[in-house]
Each structure stands twice: as structure tokens, then as C-alpha cells.
Amino acid sequence: MTTKLSTLLEGLEVKQVIGDPDKNIQGVESDSRKAVRDGLFVAVRGVTTDGHKYIPMVASARVGAIVCEELPSAFENGITYIQVADSAEALGRLASAWYGHPSSKLKLIGVTGTNGKTTTATLLYEMAKLMGYKAGLLSTVCNYIGERCEPTTHTTPDPLTLNRLLRDMVDEGCEYAFMEVSSHAVAQKRIAGLTFCGGIFSNLTRDHLDYHGTVDNYMRAKKGFFDALPASAFALVNADDKSGRFMVQNTAAKVYTYSLRGDADFRCRVLETRLDGTLLQLNGKDVEVLFTGRFNAYNLTAVYGASVLAGFDREQVLVNMSRLVPVSGRFQTLRSDNGLTAIIDYAHTPDALVNVLDTIREIVGRDGNIITVVGAGGNRDQGKRPMMAREAAKRSNRLILTSDNPRNEEPDAIIAQMRDGLSAEELRRTLCISDRREAIRTAVMTATPKSVILVAGKGHETYQEINGVRHHFDDREEIRKAFEQL
């Protein structure tokens with residue numbers, strides 16, 4: 001594929017161009033190792049490295065053009081240099097232009113918030129299919145181009161991968177696309193240049209402070225998504241979350257709300273809750289769904305509202321709500337032959353643990369026995385570790401602290417930080433087993449038919465990352481193996 005450099009630069013805020021702006025470009029890259037002859041290299045300042053230091057390397061590889069914030073001290077003949085104020089922003093817009101602005105050819109809806117992004121985006125994708133449309137999905141679990149699945153490595157891919165996937169969706173005949181929008185993606189301008197027809201805000205609690213530094217920075221990163229929405233788009237926000245109003249105070253989009261507590265454009269009441277489903281009332285209509293918990297009621301209300309705002313028939317949406325099935329690793333229930341129940345959930349923040357455990361307690365009652373197995377990820381926000389343990393201990397009869405993805409940290413050191421959040425009485429009800437497989441087996445072996453085992457933190461993941469190496473590990477498999485040993 002070849003495109004005129006001047007065509008790629010249309011709509012880009014350029015400080016100056018040195019060289020020929022009308023040459024043909026063979027590709028766009030921000031990774032110096034992938035830069036091609038006569039291609040365009042974008043020097044981006046990343047978290048761990050600065051692309052500007054690779055400009056001499058790509059120049060010697062005879063790229064056709066280089067986009068940068070700071071021009072080099074010497075220019076190579078035959079290379080066009082484009083200076084911009086923000087290379088990350090430029091990369092997003094150039095990636096969109098290179099792939100023919102695919103998001104403008106789709107009805108693209110983004111979902112952001114601390115919890116619920118994967119469930120909401122995935123269920124919207126499933127709803128579109130039930131309504132008879134071809135659709136695409138960009139999520140933590142998997143990327144879908146129509147029915148074809150592509151593995152995922154990030155909640156929101158880099159701009160070039162993102163636009164390539166959107167281009168594939170257009171070529172596949174998709175009309176709708178749904179994507180998770182992470183705070184990292186907004187802060188790093190990965191979604192720059194995309195055209196959204198709608199945005200959804202689920203909730204905001206403490207997360208990713210290892211990257212953002214403060215809750216305020218984290219919140220403003222989320223808000224940046226809504227700030228950039230056009231007037232033609234809708235912004236659907238959770239009116240029950242205190243950050244909801246803040247998210248949309250500067251948006252040009254048409255604002256709509258959803259709520260379980262009060263008046264809103266899309267209202268929900270939880271009429272009955274069980275481990276295998278819930279009876280909801282959505283805008284006055286009763287709907288039986290295969291999901292459990294108030295947090296899922298919020299997700300489903302967002303799905304209902306966004307489906308209506310996306311143009312789907314309201315009555316058919318209600319019918320299809322009862323046909324939606326839970327996302328893998330999100331409050332996924334497994335049962336043994338002798339009546340034990342285990343729930344797997346991706347909950348990896350204090351608030352997410354509260355939501356899941358409060359739901360289980362509401363169903364099993366005060367006499368029910370809850371055993372929670374949970375850890376915390378390594379090389380991530382350490383401040384939430386004691387908070388997670390504290391919330392889990394308050395809501396569990398027995399707590400087993402274990403490893404999650406320790407990455408480059410020692411599992412026992414992470415567990416020790418989690419223990420710091422527990423009182424003497426809570427410590428007496430707590431076991432520390434760093435081997436996650438053994439922790440799950442212990443929970444199953446000590447459970448009774450009245451017990452519900454929650455294995456939290458990894459959800460859909462099928463690996464455990466230890467010292468930079470990913471080893472196969474699936475909580476669902478480990479629970480089933482432990483059930484078989486009973």
C-alpha cells in the first residue's frame with residue numbers, strides 16, 4: 001500500500017515541514033525496528049523509552065519521512081522531517097489516515113470506567129449480533145472482526161494495531177464496533193483520530209495509580225475520552241457514580257444517564273437475585289437475565305441504554321437482554337457433583353471485590369460460608385494491596401491470600417503487604433499460600449455444601465506471569481481439577 005505523505009498530513013497540526021511533502025509513503029511505524037524503506041517513522045516519547053533517540057537509526061535505514069517533536073541537529077538527504085507539538089497525538093491521526101479513517105465508516109462506541117468495561121463492551125457486541133448486524137469488538141479478553149477472533153495483549157491496542165483492526169472490520173462488512181477505552185489509552189493518545197458515535201462511563205474507583213500517580217490524574221484521563229467526543233455522539237454515564245457528572249461537564253456530546261437508584265433516562269430495579277440469574281425491571285419492563293449482582297445490573301442497564309441510543313429497536317433489545325450470557329471469567333459459576341459452588345471473577349480492585357462479595361453474601365445469607373482466594377498483581381499499585389485484603393476479609397468467613405501475576409516481585413512480599421491491611425481477628429481467619437494452585441485446592445477441600453468459593457483477580461486469564469515469563473494457568477481448570485479430587 002502506498003499513500004502520499006501530503007494526504008497523511010491532512011488535518012494534522014504541523015509546526016514545519018523540511019523536505020518533500022508529496023513523496024509516496026510505504027508504511028507507518030512508531031517502532032524503529034519495524035521501520036521500512038520509504039516509510040514514515042513517528043518518534044513518540046513512551047513510558048520507558050523516547051523514540052527520538054532512534055531517529056539516526058531509522059534515517060540510516062532510508063525511511064521516507066520522520067515525524068518528531070524535536071528536529072535532529074543534522075538532516076539526511078532525501079528524508080522529509082515533520083515537526084509536531086505532540087507525536088503521540090500525531091501517531092493516532094496518522095494511523096487513522098493510513099488505514100483510510102476506518103472508524104468513520106463504523107458506528108464505534110467506547111466504554112470506559114474502572115470496572116465493567118469488558119462485560120459492557122462484549123455484551124453490546126453480542127447484542128448487535130442478536131439484532132442481525134455484523135459487528136467488531138476490541139476488548140481485554142479477545143478482539144473480534146465479525147466472528148473471527150484475534151488474540152489481545154492490551155485493553156486498548158496501540159494506534160496502528162487499533163486502526164488495522166478497525167479497517168479489517170470495515171472490510172469484513174461490520175456496521176458496528178465496540179471497544180474498551182482504558183485510561184492508559186486516553187493518556188497515551190492511542191484513540192486520537194478515531195470517530196466515536198457514543199461513549200459509556202461505568203464507574204470510577206482507585207486503580208492504575210502506579211501509572212497515573214493520583215486518583216485525580218486517573219479521573220482526568222477518563223474524562224479526556226468524553227472531552228473529545230463530537231456533538232453528533234452520545235455520552236451515557238452512570239448517574240449513581242459521583243464521578244459521572246464530572247466526566248461529561250465539558251463534552252459536546254448529547255448526555256444521557258442510567259441509574260439503579262433514582263431518576264434517569266434508563267432506569268433499572270433489581271427485583272430478585274440468585275446465583276444463576278436476576279429479575280430486572282428496565283424502564284418499567286420486567287426482564288429475566290442470566291447475570292447476578294448489582295454490578296451486573298449496572299452493566300446491563302448500560303447495555304440496554306447504549307443499544308437504544310445506537311438505534312436498535314427498543315422492544316427487541318428487551319427480548320434479547322434475556323438471551324445474553326455472562327462473559328468468561330466475570331462472575332462465572334462452576335458447580336461440583338456434590339454441590340460445591342465456586343465463582344471465578346476478574347475482580348482485582350478493592351471496589352470490585354466489594355461488589356462481588358456483597359452479591360454473594362446477599363444470595364447465601366448471613367449463615368452462608370464464603371471462602372475467598374485472592375492475590376494482587378506485581379509491579380502495580382501497591383497501595384491497594386492492604387485495601388483489597390481488608391475488604392475481602394470483612395466479607396468472607398475464610399480468606400486465602402495467594403499470588404496473582406507476581407511479575408518481577410516476590411509473591412510472599414506481595415502477600416505480606418496484603419496482610420498489613422488485616423486486624424488480629426481477621427488474620428486468625430486467613431491462610432497465606434503463595435502457590436495459587438495449592439490455594440485453590442485448599443479452598444475446595446475445606447469447603448462444605450453451604451460454601452461458596454470465590455477465586456478472584458485473574459478471571460479469563462489463562463496464564464500466570466512470574467519473573468517476566470508467562471506460564472499456563474487457568475483458575476477454571478484448577479477448580480475443576482480440585483472438584484474431581486473430592
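FYI, the numbering just counts along the sequence from 1.
We find that E425 and K394 are not joined by a salt bridge, their nearest charged nitrogen and carboxylate oxygen being 4.0 Å or further apart. In this structure, E484 does not pair ionically with K481, as no charged nitrogen and carboxylate oxygen lie closer than 4.0 Å. Using a cut-off of 4.0 Å between Lys/Arg side-chain N and Asp/Glu carboxylate O, E172 and R167 are scored as not salt-bridged. Salt bridge annotation for R428-E426: absent, with no cationic side-chain nitrogen under 4.0 angstrom from a carboxylate oxygen. Using a 4.0 Å cut-off between a side-chain N of Lys or Arg and a carboxylate O of Asp or Glu, E438 and R441 qualify as a salt bridge. Of the charged side-chain nitrogens involved, none lies within less than 4.0 Å of a carboxylate oxygen, so that D158 and R190 do not count as a salt-bridged pair. Electrostatic pairing of E147 and K129 counts as a salt bridge here, judged by a charged N lying under 4.0 Å from a carboxylate O.
The side-chain hydrogen bond (donor to acceptor under 3.5 Å, both in side chains) test with N405 singles out one residue from E461, R380, R436, E465, and that residue is E461.
Partners of A135 under the side chain to side chain contact (heavy atoms under 4.5 Å, CB included) rule, at least two apart in sequence or in another chain, are Y125, A128, Y176, F178. Not counting sequence neighbours, the partners of R314 by the side chain to side chain contact (heavy atoms under 4.5 Å, CB included) test are F266, N283, Y304, V308.
In plain terms, the two heavy atoms of E288 and T278 that are nearest each other are OE2-O, 3.4 Å. Among all heavy-atom pairs drawn from N408 and G468, the shortest one is OD1-N, 3.4 Å.
Classified by interplanar angle (parallel below 30°, tilted 30° to 60°, perpendicular above 60°), the ring pair F201/F226 is perpendicular.
Within the cation-pi definition used here (under 6.0 Å to the ring centroid, within 45° of the axis), K222 does not qualify as a partner of F246.
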